[in-house]
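Here's the structure, in structure tokens; my notes come after.
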Amino acid sequence: MSELTARSVGAAVAQRAGFLEPLILKAGKTLASYELVYETYGTLNADRSNAVLVCHALSGSHHVAGYYADDPKKVGWWDNLIGPGKPIDTDRFFVIGVNNIGGCHGSTGPGSIDRSTGKPYGAAFPLVTVEDWVASQARLMDRLGIGKLAAAIGGSLGGMQALQWTLQFPERIGHAFVIAAAPRLSTQNIAFNDVARQAIVSDPDFHGGNFYEHDTVPARGLKLARMLGHITYLSEDLLMEKFGRVLKRDEYGFNYDVEFEIESYLRYQGDKFAQVFDANTYLLMTKALDYFDPAKEAGGNLARALSTATAGFFVASFKSDWRFPPERSREIVKALMASRKDVTYAEIDAPHGHDAFLLDNAHYHQLIAAYADNIAEEIGAGERRLPLDLGGTELEEMKGYRGEHAGS
Amino acid sequence: MQRYDYELIGSWIPERARVLDLGCGDGVLLAGLMATHGATGYGIEIDAAHVLASVKNGVNVVQADIEAGLANFGDDSFDFVILSQTLQAMRNAESVINEMLRVGREGIVTFPNFGYWRHRLDILRGHMPVSKSLPYSWYDTPNIHLCTVKDFEGLCAKVGAEILDERVLHEGRIVNVLPNLRGSLGVFRFRRRP
């Protein structure tokens with residue numbers, strides 16, 4: 001067994017759960033039935049107390065850890081955090097990754113067939129919110145026989161879901177890891193999201209969201225949306241360091257071809273994303289981000305909104321993250337302290353920007369490991385079998401990019 | 001480092017007190033108060049390694065700069081605000097004490113006594129003091145606001161703090177005779193003058 005597979009959860013198997021009980025959505029619409037795809041790692045203990053739910057962000061999926069037997073290169077998006085001996089130690093925790101409703105990785109979403117019409121939902125797919133996701137995740141926990149989560153964990157939009165769990169099902173969650181998140185999006189964040197959405201909806205191939213029946217995808221719009229988003233997920237320093245002003249050729253070409261390395265990189269990322277991601281899902285996810293605002297129903301008072309929570313909180317932010325900067329996490333921490341909740345907060349010195357939550361950082365991973373170890377002790381899950389593994393994988397976004405000319 | 005002040009602080013804190021520990025280090029004081037007194041509250045710590053150590057010790061630790069961070073707390077939101085051997089490293093010690101008076105019903109401050117005779121002797125010999133309680137050389141010390149027990153009494157008077165308890169320790173023992181000369185660690189409990 002190689003070093004890599006020794007510290008992996010191994011070959012993951014996506015599972016599927018169908019729900020026939022209608023889900024009433026915050027938007028007032030009803031999803032008559034739906035399916036969720038999910039993966040699990042580790043073993044649920046006898047008293048069913050060691051479950052950890054991983055909530056994904058905008059482009060994530062249920063494939064959180066491990067790889068696929070028929071596609072060993074397809075490693076889970078949080079594999080550096082989750083596995084035997086890793087910060088979230090699958091020797092002791094039963095970890096669940098789930099693709100959210102509205103997603104495009106197998107759970108019911110805009111690209112799924114609407115049984116009432118026999119065609120893809122497309123524009124007819126209702127807008128879903130963080131609250132709706134949490135409600136659907138709770139039903140999956142019911143199905144798996146999990147009354148109470150040891151923890152929910154997520155970064156960015158995933159962190160919002162972990163936070164929402166503590167408000168929506170306070171009795172069903174012991175701890176929430178709320179990482180690189182915000183209590184609600186800033187004006188600037190909503191603005192970025194709308195530019196991304198406008199890029200998609202103004203693509204002639206979008207067809208009002210019903211592009212499936214035209215046998216096309218709004219790849220140009222989705223590419224632009226991803227390019228814009230990607231810039232905001234990385235820090236200026238990191239972009240400068242990785243790409244600087246390096247040119248593809250020796251001299252300026254005085255034309256509009258790809259010239260600077262950063263242009264090539266962004267177009268590569270945009271193209272890659274547009275090939276695999278669903279444009280309607282992108283729209284829907286950004287709206288879920290925009291709508292999230294737990295303080296809204298408490299008259300804007302976040303501390304009051306959080307007052308019903310009983311979970312312990314681990315909140316973390318990254319100093320170089322300007323999309324979800326530390327100030328936003330501090331708002332959550334301030335409100336939690338004002339309502340006398342158990343909270344731990346760390347501001348992590350990582351150079352990467354928002355995406356740092358996905359990346360290796362020894363201090364960050366040690367913090368999560370230490371907090372998770374406390375949870376393990378609390379639920380009687382024992383000690384680590386393997387010493388803590390702090391990984392060593394490269395920056396996820398840079399994977400696969402080797403300076404290819406992406407074209408224009 | 002042996003923390004002789006912890007036992008004394010523990011003796012002042014009532015059961016189930018709400019405690020804010022400023023500069024909580026590895027969280028051992030707060031963890032102890034939680035275990036023995038059923039205390040609740042938070043540790044504030046700026047140093048990343050200390051934050052990790054505090055998490056390992058199972059306390060609620062919030063990474064923040066004390067001098068910027070107390071604005072987050074409402075008036076009287078804690079029974080006790082503790083500043084244990086941290087005052088000497090504060091840029092604006094006076095405003096930190098003022099914030100302690102605002103946020104807590106009572107404050108506890110401990111600090112190395114610059115008036116301790118060995119420190120005085122070092123100065124007389126022409127050197128900055130280096131001792132068990134002040135282990136740094138002048139050029140690499142984090143301690144920028146050193147004071148004597150008498151000096152701290154003066155600051156309390158200035159900011160309107162009523163001293164409720166004042167002890168000077170040396171290696172764990174309370175020094176009653178000539179404390180500002182013979183004691184190396186000042187320990188004060190105070191509140192806003194009513």
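Every chain is numbered from 1, with letters handed out A, B, ... down the list of sequences. Computed over heavy atoms, backbone and side chain alike; hydrogens, waters and symmetry mates excluded.
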Pick one of side chain, backbone, both or neither for [X], based on which atoms fall under 4.5 Å of a heavy atom in chain B.
X	result
Ala346(A)	both
Val343(A)	both
Leu336(A)	backbone

Hey, which of Val51(B), Val59(B), Leu52(B) has the most heavy atom pairs under 4.5 Å with chain A?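 The candidate making the most pairs under 4.5 Å is Leu52(B).
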
Interface residues of residues 150-182 of chain B facing chain A - heavy atom cut-off under 4.5 Å: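 Listed by number: none.
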
Can you check whether anything in residues 6-43 of chain B gets within less than 4.5 Å of chain A, heavy-atom wise, and list it by number?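 Under the 4.5 Å heavy-atom cut-off, Arg18(B), Tyr42(B) qualify.
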
State whether the number of non-hydrogen atoms from other residues, nucleotides or ligands found under 6.0 Å of Glu378(A) atom CD is greater than 12.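 Correct, the count exceeds 12.
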
Can you tell me if Glu383(A) has over 12 outside heavy atoms packed within less than 6.0 Å of its CD?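 Not buried by this count: 12 neighbours or fewer within 6.0 Å.
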
If you round to the nearest 0.5 Å, how far is CD of Gln63(B) from OG of Ser317(A)?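 Reported to 0.5 Å precision, the distance equals 8.0 Å.
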
How many angstroms lie between atom CG of Asp373(A) and atom NZ of Lys56(B), to the nearest 0.5 angstrom?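 Nearest 0.5 Å value for the CG-NZ distance: 8.5 Å.
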
Among Arg340(A), Lys334(A), Gln366(A), who wins on heavy-atom pairs under 4.5 Å with chain B?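 Most heavy-atom pairs within the cutoff with chain B belong to Arg340(A).
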
Can you tell which of Val333(A), Asn374(A), Asp342(A), Val315(A) has the highest number of heavy-atom pairs within less than 4.5 Å of chain B?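 Result: the option with the highest number of such pairs is Asp342(A).
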
